[in-house]
Amino acid sequence: MNAQILSSFRNLIKKEPSSQGPAFADTHPDFEIIALGTRSGVIDGNLTSYMVRPLGRNEAVLCDAGTLGHGLKIAEQKGSLDDIPIMPDSSLSRAGHVLKQTVRAYLISHPHLDHIAGLVLASPDDTPKPIYGLPSTLNALSSHLFNNEIWGNQGNRGAEPAIGKYSYQDMESGVAQTIAKSDLTIRAWPLKHGPMTSTAFLIETNGKAVLYLGDTEADKPENGEQKLHELWEAIAPLVKEQRLKAIVMEATYTNDHPENALAGHMTPEHVLQSLRDLALVCGGRHYVRGLKVLITHVKETFHMTENPVTHIARELNDGNDMGIYFLMAKQGESYLV
Ligand SMILES: [Zn+2]
Ligand SMILES: [Zn+2]
């Protein structure tokens with residue numbers, strides 16, 4: 001695996017299986033992941049947001065919504081929404097149909113602005129939906145965001161009057177919930193992200209799953225911090241049975257970023273170290289060979305350096321001793337997994 005790291009899963013499916021080893025060319029995809037926003041930092045039109053939908057059905061969840069309306073428009077321009085079987089019934093664009101009709105729920109990992117700004121801005125044009133999250137996330141949204149001061153209260157808790165368009169759905173670690181009007185089941189686990197609790201979501205249908213990780217820092221077992229390890233223990237059976245189709249996770253900074261300035265984020269070396277831990281939990285590296293890992297949340301700055309996406313891709317690739325199939329997420333692209 002080298003140059004292929006930057007191509008998309010979808011493109012690879014159209015090619016002959018790679019002679020370089022892992023059988024990642026998925027001839028039987030179960031999900032489509034559409035990247036509506038893929039970065040962090042000063043690139044405010046492209047902040048973390050992933051649509052996950054089971055193929056063939058007009059339903060999806062949004063994992064975070066840092067960029068939403070703009071991301072949907074870009075996805076529409078790139079043709080990435082063309083396969084969603086929407087039911088056109090008005091003068092709305094395809095992006096509008098997808099927002100109002102296809103997206104059945106938001107899964108919000110944590111309340112940092114780069115994960116919710118798009119949700120706020122699109123809310124007046126949105127249809128009623130549940131917002132799923134850990135109680136700490138939902139309490140922050142209802143107290144500090146949808147509170148009639150920062151924005152109108154679109155939620156069903158907190159400041160009066162409450163419009164109630166969004167219904168908050170508290171999740172409990174590891175406990176499955178089925179999303180209304182869909183065949184999707186979700187589970188959540190807490191992640192450590194500096195002083196904040198972030199969240200990993202598992203989205204399942206027909207026994208297959210996609211795992212989305214919000215912002216997270218590396219485990220520090222010496223300090224008793226091992227949220228990623230606990231997550232890997234929970235999802236290891238899916239990996240071993242080849243039912244986990246893809247992981248979306250962050251690599252925010254390059255390896256040379258000072259350890260004391262990571263602000264609750266990961267470098268490529270942290271990602272690799274954590275995935276080695278996943279392999280160990282599963283019982284061997286052969287279990288993670290060919291596992292698709294879509295990398296998100298690369299930080300954009302004003303520094304005149306090498307493109308950080310290219311830099312991080314290279315660092316992941318150079319340290320990839322497990323045959324993981326890494327891809328750098330690109331806004332508006334569709335990934336079949
Ligand atoms: Zn964050
Ligand atoms: Zn973030």
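Scope of the values below: all heavy atoms of this structure, side chains included, with no hydrogens, waters or symmetry mates. Keep in mind the model is a prediction, meaning the values are calculated, not measured. Along the sequence shown, the residues carry numbers beginning at 1.
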Distance-minimising heavy-atom pair for [X] and [Y]:
X    : Y    : result
A122 : L99  : CB-CD2, 4.4 Å
T205 : D183 : OG1-O, 3.1 Å
P268 : A251 : N-CB, 4.5 Å
S40  : I43  : O-CG2, 3.8 Å
A117 : G66  : CB-O, 3.6 Å
S334 : E32  : OG-OE2, 2.6 Å

_Is there a salt bridge (charged side-chain N to carboxylate O under 4.0 Å, His left out) between D125 and K100? Walk through the geometry before answering._
CA-CA 8 Å; D125 292 86; K100 287 170 178 265; 5.6 Å; no
Under 3.5 Å, is there a donor-acceptor pair between the side chain of [X] and the main chain of [Y]?
X    : Y    : value
T67  : L47  : yes
Q101 : M87  : yes
K192 : G194 : yes
R94  : L81  : yes
S80  : G332 : yes
S49  : L36  : no
E59  : R53  : no

Carboxylate-amine/guanidinium proximity below 4.0 Å for [X] and [Y]:
X    : Y    : result
D114 : R39  : no
K208 : E241 : no
K78  : E333 : yes

Any non-hydrogen side-chain atom of [X] less than 4.5 Å from a side-chain atom of [Y]?
X    : Y    : value
Y50  : L62  : no
I116 : Y106 : no
R289 : M322 : no
D64  : L107 : no
L228 : D277 : no
N139 : R157 : yes
T199 : Y212 : no
Y166 : L138 : no

Any chance [atom1] of [X] has more than 12 other-residue heavy atoms, nucleotides or ligands included, within less than 6.0 Å?
X    : atom1 : result
K73  : NZ    : no
E306 : CD    : yes
E225 : CD    : yes

Could you tell me the separation between the [atom1] atom of [X] and the [atom2] atom of [Y], rounded to the nearest 0.5 Å?
X    : Y    : atom1 : atom2 : answer
T267 : Q273 : OG1   : CD    : 10.0 Å
T102 : N58  : OG1   : CG    : 4.0 Å
L68  : L121 : CG    : CG    : 9.0 Å
T197 : L191 : OG1   : CG    : 9.0 Å
E76  : H97  : CD    : NE2   : 10.5 Å
N255 : I312 : CG    : CD1   : 8.5 Å

Give the cluster check for [X] versus [Y]: same hydrophobic cluster or not, with ILVMFWY residues linked at side-chain heavy-atom distances below 4.5 Å.
X    : Y    : result
W189 : V175 : no
I203 : L119 : no
L272 : L244 : yes
I33  : I84  : no
V337 : L184 : yes

*Are H265 and H270 near enough that their ring centres are under 6.0 Å apart?*
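That pair fails the under 6.0 Å test.
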_With a 6.0 Å cut-off on the ring centroids, do H115 and H193 count as close?_
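They do not qualify: ring centres at least 6.0 Å apart.
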Hey, are [Y] and [X] close enough side-chain-wise for a donor-acceptor pair under 3.5 Å?
X    : Y    : result
D170 : Y132 : no
K129 : T127 : yes
T185 : E204 : no
H110 : D215 : yes

Name each donor-acceptor pair under 3.5 Å that joins a side chain in residues 230-238 to protein atoms two or more places apart or in another chain, with its distance.
{"from": "W232", "atom 1": "NE1", "to": "S274", "atom 2": "O", "distance (Å)": "3.1"}
{"from": "W232", "atom 1": "NE1", "to": "S274", "atom 2": "OG", "distance (Å)": "3.0"}
{"from": "E233", "atom 1": "OE2", "to": "H229", "atom 2": "NE2", "distance (Å)": "3.3"}

_Please determine whether side-chain contact (heavy atoms from CB on, under 4.5 Å) holds for the pair Y253 and M266, giving the CA-CA distance in whole Å, both sets of side-chain angles, and the decisive distance to 0.1 Å._
CA-CA 6 Å; Y253 295 112; M266 308 250 276; over 6 Å; no
*With side-chain contact (heavy atoms from CB on, under 4.5 Å) as the test, would you mind laying out the steps for L211 and L213 before giving the verdict?*
CA-CA 7 Å; L211 181 67; L213 278 69; 3.6 Å; yes
*Could you please spell out the steps behind the side-chain contact (heavy atoms from CB on, under 4.5 Å) verdict for T216 and S198?*
CA-CA 7 Å; T216 182; S198 176; 5.7 Å; no
*With side chain to side chain donor-acceptor pair (under 3.5 Å) as the test, would you mind laying out the steps for Q331 and T38 before giving the verdict?*
CA-CA 6 Å; Q331 188 176 33; T38 64; over 6 Å; no
*Could you name each residue pair satisfying side-chain hydrogen bond (donor to acceptor under 3.5 Å, both in side chains) that touches residues 140-156, not counting sequence neighbours?*
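Non-adjacent pairs meeting side-chain hydrogen bond (donor to acceptor under 3.5 Å, both in side chains): S123-W151.
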*Determine the sole option in R57, K245, R243 for which the salt bridge (charged side-chain N to carboxylate O under 4.0 Å, His left out) test with D30 is passed.*
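Single pass found, and it is K245.
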*Stacked cation flag K240 on Y287, 6.0 angstrom / 45 deg*: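 Ring-cation test returns yes.
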*Between L327 and K292, does a side-chain contact (heavy atoms from CB on, under 4.5 Å) hold up when you go through it step by step?*
CA-CA 8 Å; L327 283 174; K292 293 168 180 165; over 6 Å; no
